[in-house]
Amino acid sequence: MTKTTRLSPNGINTRLAHTGHDPEDFFGFVNPPVVHASTVLFPDAATMVSRNQKYTYGTHGTPTTDALTSAMDELEGSAGTVAVPSGLAAVTLPFMAALSAGDHLLVVDSVYSPTRNFCGGMLARFGIETTYYDPCIGAGIESLIRPNTKLVHTEAPGSNTFEMQDIPAIAEVAHAHGALVSMDNTWATPLYFKPLDHGVDISIHAATKYPAGHSDILIGTVSANEAAWPAITKTFSMLGICAAPDDAYMTLRGLRTMGVRLARHQESALTIARALEDMRGVATVLHPALESFPGHEIWKRDFGGSSGIFSIVLDVADPARRQAKAHAFLDALQIFGLGYSWGGYESLAVHANLSDRTIAMPPEQGPVIRLQIGLEDVEDLMSDIERALAAANAT
């Protein structure tokens, strides 16, 4: 019986504390070693030709990266996982694996903006056409599928505005037409949503966020089911986009505490989001776990929790004043940092740029401010937000 098998019935925090590495494999040491490797030696010429040994070259994996990918497989229920140098690399790898010249790709319109840039820049050069769809389309996506549609890319909740998608309905339609489904699941992590259990073929994470959790690592993971895994691992090998061993080690270290950190992020974010619903200067709060949110019922049906990032829409009737109000809000913050990314221990805020939307249009009430709720005390964060709202209201 393997250690992973022994852990399977246990709770998530127990599994996070122990999965991915068995101390018995390395003389009893609790953490896996950081193996810096390029060249791997073979015992003889025949093995060198056949490559019939576990490790053959550093880009194809080391004990360090294997510890992280094994942990992700345990969490995702996947046939295999690869670790790559960034979240964006994790998004684009499945595109390169699943698509060829002349193919058609469907992408949710509320997608992470760099994903859109890749589709319009790199994929278009290769003769791959992308169509963007309404995140609320559900089974209606069938009307957009063509004979050459090979992949449907989903993201739930959507970037910045947090639209929910009916992932099982979309997956069922896509599979009926022979297309694969990928999902950027960074917001929920495998703790609060397991894409492969809902029909998704490829689960993508910017592990920079909650798994690493400390704003000092760039890394991504791609986990696939049996159908999609051969193309993923083949493309990964061809591109040579492997995560560095130190980053894999630190991400696995962060993974050990992800459960308790996420619980704190969730509790603090929901407390703040509920309070902001009644604040002067806030037109609406965009958080799927709020009963007032349009996609709440889908979130409640499919997800096991919520994380620490959501948005507010400032109540600014005059479009000409929206940027000034947003900047006044941001500049008045003292605890929240102004910076991109999220998932770390510190709170962050950013004025969301939604100018690339074509279907899921920006809210009409005012500018969207995305808030990453960190691990600070809620009372201090609320005081900071109240200070920022007062500055915006006075501008």
Testing the basics here: between [X] and [Y], what is the closest heavy-atom pair and its distance to 0.1 Å?
X: I128; Y: S100; answer: CG1-O, 3.3 Å
X: D246; Y: H36; answer: OD2-NE2, 2.7 Å
X: G138; Y: A169; answer: C-CB, 4.4 Å
X: G199; Y: H175; answer: O-CE1, 2.8 Å
X: P157; Y: W187; answer: CD-CE3, 3.1 Å
X: A228; Y: I202; answer: CB-CG1, 3.7 Å

Would the number of heavy atoms belonging to other residues, nucleotides or ligands and lying under 6.0 Å from [atom1] of [X] be above 12?
X: F42; atom1: CZ; answer: yes
X: E267; atom1: CD; answer: no
X: Q53; atom1: CD; answer: yes
X: Q365; atom1: CD; answer: yes

Looking only at atom types and distance, does a side-chain atom of [X] sit under 3.5 Å from a main-chain N or O of [Y], one as donor and one as acceptor?
X: D377; Y: E379; result: no
X: D384; Y: F336; result: yes
X: T233; Y: W229; result: no
X: S268; Y: H265; result: no
X: T235; Y: I232; result: no
X: T208; Y: I219; result: yes
X: Q165; Y: C136; result: no
X: Y210; Y: G308; result: yes
X: D109; Y: I359; result: yes
X: S50; Y: A46; result: yes

Before we go on, tell me: are the rings of [X] and [Y] under 6.0 Å apart, centre to centre?
X: H153; Y: F95; value: yes
X: H198; Y: F193; value: yes
X: H351; Y: F329; value: no

Are [Y] and [X] connected in a single hydrophobic cluster, I mean Ile/Leu/Val/Met/Phe/Trp/Tyr linked by side-chain heavy atoms less than 4.5 Å apart?
X: M122; Y: L151; result: yes
X: V285; Y: V378; result: yes
X: L255; Y: L375; result: no
X: L218; Y: V91; result: no
X: L99; Y: L93; result: yes

Which value, rounded to the nearest 0.5 Å, describes the distance between [X] atom [atom1] and [Y] atom [atom2]?
X: M382; Y: I373; atom1: CE; atom2: CD1; answer: 9.0 Å
X: W299; Y: M164; atom1: CH2; atom2: CE; answer: 9.0 Å
X: Y132; Y: D356; atom1: OH; atom2: CG; answer: 8.0 Å
X: L196; Y: M183; atom1: CG; atom2: CE; answer: 10.5 Å
X: D247; Y: T64; atom1: CG; atom2: OG1; answer: 11.0 Å
X: L371; Y: L348; atom1: CG; atom2: CG; answer: 9.5 Å

What I want to check is whether the side chains of [X] and [Y] have a donor and an acceptor closer together than 3.5 Å.
X: D73; Y: S78; value: yes
X: S223; Y: T81; value: yes
X: D44; Y: T47; value: yes
X: Y55; Y: D66; value: yes
X: S307; Y: Q266; value: no

Does the distance from a Lys or Arg side-chain N to an Asp or Glu carboxylate O, for [X] and [Y], drop under 4.0 Å?
X: R15; Y: E74; value: yes
X: K325; Y: D315; value: no
X: R357; Y: E163; value: yes
X: R274; Y: E291; value: yes
X: R301; Y: D166; value: yes

In the hydrophobic cluster built from side-chain contacts under 4.5 Å, what are the other members alongside M361?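 None; M361 is a cluster of one.
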Within the 4.5 Å heavy-atom criterion, are [X] and [Y] side-chain neighbours or not?
X: Y340; Y: Q372; result: no
X: R253; Y: H214; result: no
X: L276; Y: F310; result: yes
X: E277; Y: V282; result: no
X: K150; Y: H104; result: no
X: M258; Y: L191; result: yes
X: R256; Y: T19; result: yes
X: F303; Y: P288; result: no

Quick one, D201 with N225, criterion side-chain hydrogen bond (donor to acceptor under 3.5 Å, both in side chains). Give me CA distance, side-chain angles, the key distance, then yes/no. CA-CA 5 Å; D201 300 288; N225 61 16; 2.9 Å; yes
Side chain to side chain contact (heavy atoms under 4.5 Å, CB included) assessment of S237 paired with T59: CA-CA 7 Å; S237 295; T59 55; over 6 Å; no
Between V350 and I369, does the side chain to side chain contact (heavy atoms under 4.5 Å, CB included) criterion hold? Intermediate values first, please. CA-CA 6 Å; V350 65; I369 304 294; over 6 Å; no
What's the verdict on side chain to side chain contact (heavy atoms under 4.5 Å, CB included) for N31 and Y249, showing C-alpha distance, side-chain angles and the deciding distance? CA-CA 9 Å; N31 286 322; Y249 173 86; 3.6 Å; yes
Would you check, one step at a time, whether the test side-chain hydrogen bond (donor to acceptor under 3.5 Å, both in side chains) holds for E155 with S110? CA-CA 8 Å; E155 182 177 326; S110 54; over 6 Å; no
Can you list the steps and then say if V152 with T154 is a side chain to side chain contact (heavy atoms under 4.5 Å, CB included)? CA-CA 6 Å; V152 178; T154 66; 4.3 Å; yes
Is NZ or CZ of R261 both nearer than 6.0 Å to the six-membered ring centre of Y345 and within 45° of the ring axis?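 Checked: cation-pi criterion not met.
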